[in-house]
There are 2 protein chains.
Amino acid sequence: MQDHFAHQHCGDCPIRHRAVCARCDSDELAALEQIKYYRSYQAGQTVIWSGDRMEFVGSVVTGIATLTQTMEDGRRQMVGLLLPSDFVGRPGRAVAAFDVTATTDLVMCCFRKKPFEEMMGRTPHIAQRLLEMTLDELDAAREWMLLLGRKTAREKIASLIAIIARREASLQVRRPKGVLSVDLPLTREEMADYLGLTLETVSRQMSALKKDGVISLEGNRHVMIPDLDRLLEEAGDDSDGGMLV
Amino acid sequence: MQDHFAHQHCGDCPIRHRAVCARCDSDELAALEQIKYYRSYQAGQTVIWSGDRMEFVGSVVTGIATLTQTMEDGRRQMVGLLLPSDFVGRPGRAVAAFDVTATTDLVMCCFRKKPFEEMMGRTPHIAQRLLEMTLDELDAAREWMLLLGRKTAREKIASLIAIIARREASLQVRRPKGVLSVDLPLTREEMADYLGLTLETVSRQMSALKKDGVISLEGNRHVMIPDLDRLLEEAGDDSDGGMLV
DNA sequence: CTCTCATGTTGATCTGAGTCAAGGCGTGCG
DNA sequence: CGCACGCCTTGACTCAGATCAACATGAGAG
């Protein structure tokens, strides 16, 4: 398993993951290597329960995890989607604030919290890098608040698909000219939990967008987007809104 | 104006504001003093428009500001409430992502971004402190996502009042035994924008909570809470949920 | 003092999304 | 093979909150 990452450009250091390799000198990297370890989870497994002591911080290497919050009566809201390179946990707080669940098989690269915090104290740019990442997440969360508070069901669905599509597109080297195609990493129910809807409404709005030619479906999880601008219009997004996740 | 703050315990350094004075040595404080300055805004004035270049970072000294996002058709969502000691702006990004508006008269203590960033490079614990604060804000934003996505109008109102009440209570040295009383710093419309509701619904649910004896009103902006536990129950909050804002 | 304007309340009605219920795939298993 | 189970779709009905509209209150300006 670990071999798989050995020849990735940025290895698996959570700090390097987001392209700050240049700032890590070899001593620091060696130190990080010494305290890191891996954890694997199966799809559906819970990584941490809200309220649990959290002994580690880390980042996602492969797979997808979700951050969710649940009310006593079972109402559930997903508050974050963790993709490869995303950071989990917080230096300085002992207890997890949200449930973290693996929605696919998941591999995380972890550091025990204590040594990581000590390391952070000695290596200023780690805190700076984490600060940048956290500020990005905060902006994304706030963008999501607009979606949850003010968008219609149709706009919510269109926004979600657009965000996933945009991320896929940005991973590809050249922007594809023609039809974009996207794999949804979430079930209808998970989409509903993310968007503050019910799964029935998600299903209905997907059908509606399909009927109106905004998207087409191939199986349940694969979406083709003939015209990204059209989709963005349906999403009610500000012209550029492209800075997010 | 500056005299007013001279004898506050923590002065106005945004880093010290949240009780890390002990970690600031005198050289650092002197350096911060040199680059800081004040800005005042009148109630209703816009501090920054989303998309504007942001030349400074800073923290609120007195007054209240809001972070909002607006769609082209005018739908508006408040995504943050800035209270004294809250930090505004982000080292590392040139452009504001949200509108910042003063809802009351507002004084901010600012630092030009460039020198502040340089300072941050030299003074590791500033980044660490900002990281902590940002993580707190992120948790609060995620908590708010549950409210926006899943709570009923009544629960939303109760939650908002509870949050404000809790903060007031925590400022007072001794927890008051009896009736808590809270000043709402927001108009009905601003509350609606914060909660993802319309102002009519806010008004109706306030009346309903009053009729049911959960709160009582004295004027429009002053709320008395005979039983905080009852209010929390109405808010649908998890037992403790007290870690936030 | 009255007028105006911003703010807040309340009522009547409408509607988007939730709820309840009935199937429809597709996959894995006995 | 057929059955069960997880996931998804669709229909009928309901209801919480939005919308539209009228009116109340209070503070400041002239």
Side-chain angles (χ1 to χ4, degrees), chain A residues 42-45 71 73-77 101 103-104 147-161 183-212 215-223 234 236, chain B residues 42-45 66 71 73-77 101 103-105 147-161 183-212 215-223 234 236:
Chain A
Q42 295 176 334
Q45 221 183 330
M71 295 171 68
D73 61 5
R75 279 176 284 174
R76 176 186 297 273
Q77 177 66 51
T101 311
T103 49
T104 64
L147 178 146
L148 290 172
R150 295 301 187 192
K151 289 192 178 180
T152 64
R154 172 184 263 244
E155 288 168 337
K156 287 178 176 182
I157 301 287
S159 299
L160 178 61
I161 296 173
D183 274 313
L184 296 176
L186 304 172
T187 65
R188 296 289 183 268
E189 186 175 18
E190 287 163 341
M191 291 172 66
D193 284 343
Y194 204 10
L195 299 170
L197 298 171
T198 59
L199 68 92
E200 292 95 328
T201 299
V202 170
S203 184
R204 270 188 256 274
Q205 295 300 333
M206 295 278 289
S207 301
L209 288 173
K210 179 176 149 194
K211 184 162 71 65
D212 298 346
I215 59 174
S216 56
L217 296 176
E218 192 175 276
N220 288 327
R221 300 291 198 90
H222 198 82
V223 180
E234 292 286 351
Chain B
Q42 294 176 333
Q45 220 182 333
T66 60
M71 296 172 68
D73 61 7
R75 279 176 283 174
R76 177 185 297 272
Q77 177 66 51
T101 311
T103 49
T104 65
D105 289 346
L147 178 146
L148 291 173
R150 296 300 187 194
K151 289 193 178 178
T152 64
R154 172 183 263 244
E155 288 169 338
K156 286 178 176 183
I157 300 287
S159 299
L160 179 62
I161 295 173
D183 274 313
L184 296 177
L186 304 172
T187 65
R188 297 289 185 267
E189 186 174 19
E190 287 162 341
M191 291 172 66
D193 284 343
Y194 204 9
L195 299 170
L197 298 170
T198 59
L199 68 92
E200 293 95 327
T201 298
V202 171
S203 183
R204 269 188 256 274
Q205 295 299 333
M206 295 277 291
S207 301
L209 287 173
K210 178 177 149 194
K211 185 164 69 69
D212 298 346
I215 59 174
S216 57
L217 296 175
E218 192 175 275
N220 289 326
R221 301 292 197 90
H222 198 84
V223 180
E234 292 285 351

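A, B, ... follow the sequence lines: proteins, then strands. Residue 1 opens every chain. Note that the structure is a prediction, hence the values are computed from the model and not measured. Excluded from the calculations below are hydrogen atoms, water molecules and symmetry mates; all remaining heavy atoms, backbone and side chain alike, are included.
- Side-chain proximity of A:Arg204 to C:dT19, D:dT19, C:dT9: nearest is C:dT19.
- At whole-Å resolution of the value, CG in A:Leu217 and P in D:dT9 are 7 Å apart.
- Interatomic distance, A:Leu184 CG to A:Ile161 CD1, rounded to the nearest 0.5 Å: 6.0 Å.
- In this structure, A:Glu189 places its CD atom 11 Å from C1' of D:dG6, rounding to the nearest Å.
- Checking A:Lys156, A:Arg154, A:Lys151 one by one against A:Glu234, the salt bridge (charged side-chain N to carboxylate O under 4.0 Å, His left out) holds for a single residue, A:Arg154.
- Rounding to the nearest 0.5 angstrom, the gap separating the CZ atom in B:Arg204 from the NZ atom in B:Lys211 is 13.5 Å.
- At least one donor-acceptor pair under 3.5 Å links the side chain of A:Arg150 to the backbone N or O of B:Arg76.
- In this structure, A:Thr201 does not reach the C:dA17 phosphate: none of its side-chain N or O atoms is under 4.0 Å from OP1 or OP2.
- For A:His222 and D:dC7, the NE2 to C1' distance is 19 Å, given to the nearest whole Å.
- For the OP1/OP2 pair of C:dT10 and a distance below 4.0 Å, the side-chain nitrogens and oxygens of B:Ser207 include at least one atom meeting the criterion.
- Atom-to-atom, CD1 of B:Ile157 to C1' of D:dA16 comes out at 14 Å; the value is rounded to the nearest Å.
- Rounded to a whole Å, the NZ atom of B:Lys151 is 18 Å from the P atom of D:dA16.
- If you measure from atom CZ of B:Arg75 to atom P of D:dA18, you get 13 Å, rounded to the nearest angstrom.
- Nearest nucleotide to the B:Leu197 side chain, out of D:dA12, D:dG17, C:dT9: D:dG17.
- From A:His222, atom NE2 reaches atom CG of A:Leu217 across 10.0 Å, with rounding to the nearest 0.5 Å.
- Across C:dG18, C:dA17, D:dG17, the shortest atom-to-atom separation from the side chain of B:Gln205 is found for D:dG17.
- Along DNA chain C, the nucleotide nearest A:Ala153 and the nucleotide nearest A:Glu200 are compared for position; the residue whose nucleotide lies closer to the 5' end is A:Ala153.
- When heavy atoms are screened at a 4.0 angstrom cut-off, A:Gly219 is found touching no nucleic acid atom at all.
- Checking A:Arg221 against A:Arg150, the closest nucleotide of DNA chain D that is more toward the 5' end is the one next to A:Arg221.
- Between B:Asn220 and C:dT9 there is a side-chain N or O to OP1 or OP2 distance below 4.0 Å.
- Remark: P of C:dG8 and CE of B:Met206 are 9 Å apart, rounded to the nearest angstrom.
- Using a 4.0 Å heavy-atom cutoff across all strands shown, B:Thr187 reaches sugar-phosphate atoms only and no base atom.
- Using a 4.0 Å heavy-atom cutoff across all strands shown, B:Thr198 reaches at least one base atom of the nucleic acid.
- Taking atom CE of A:Met191 as the reference point, atom C1' of D:dT9 lies 14 Å away to the nearest angstrom.
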